[in-house]
Amino acid sequence: MKKTGMAKSDAKKLMGKMTAPGAGGFGNSDTAVVDRREQRKRDQALGLVPFAVKLNGDLVQQLQTLAKERELDLNQLVAELLTKGLSA
């Protein structure tokens, strides 16, 4: 293999390691990384269903700001607002 080919191969290996799950690179190797399949199982056990909508950018900004002010997760805030709105 030529020198350039070896360098390319090394770069690919390095990029693969950097994009691997759990490769934080900041010494956080002891934190648990939950994969998507496990997260889906947890959400299903809680009765959560993914629900995608398209909203105006200004409305999304208001929701994010309100979530930060109340120190809530955006999902929790939207669920709370929808519950209040539907019960009114």
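Note that these values count all heavy atoms, side chains included, but never hydrogens, waters or copies made by symmetry. Only a predicted model underlies this, so the values are computations on that prediction, with no experimental measurement involved.
- V53 and L86 are assigned to two separate hydrophobic clusters, defined by single-linkage of ILVMFWY side chains at heavy-atom distances under 4.5 Å.
- A 4.5 Å side-chain heavy-atom check between E80 and T83 finds every atom pair outside the cut-off.
- Counting only distance, with no hydrogens or angles, the side chain of D73 and the backbone of Q76 share no donor-acceptor pair below 3.5 Å.
- One finds the OG1 atom of T65 at 12.5 Å from the CZ atom of R70 (value rounded to the nearest 0.5 Å).
- With hydrophobic clusters built from ILVMFWY side chains whose heavy atoms lie under 4.5 angstrom apart, L82 shares a cluster with L59.
- In plain terms, the two heavy atoms of D58 and N56 that are nearest each other are N-OD1, 2.8 Å.
- Annotation: side chain of L77 is in contact with side chain of L81 (closest heavy-atom distance under 4.5 Å).
- For the pair N75 and L48, the minimum side-chain heavy-atom distance is 4.5 Å or more.
- Taken to the nearest 0.5 Å, the CD atom of Q44 stands 10.5 Å off from the CG atom of L46.
- Atoms CG and NZ, from L63 and K68 in turn, are 12.5 Å apart once rounded to the nearest 0.5 Å.
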| query | When you look at Q39 and D43, which way does the side chain to side chain donor-acceptor pair (under 3.5 Å) test go after all the steps? | reply | CA-CA 6 Å; Q39 185 63 47; D43 289 347; 3.1 Å; yes
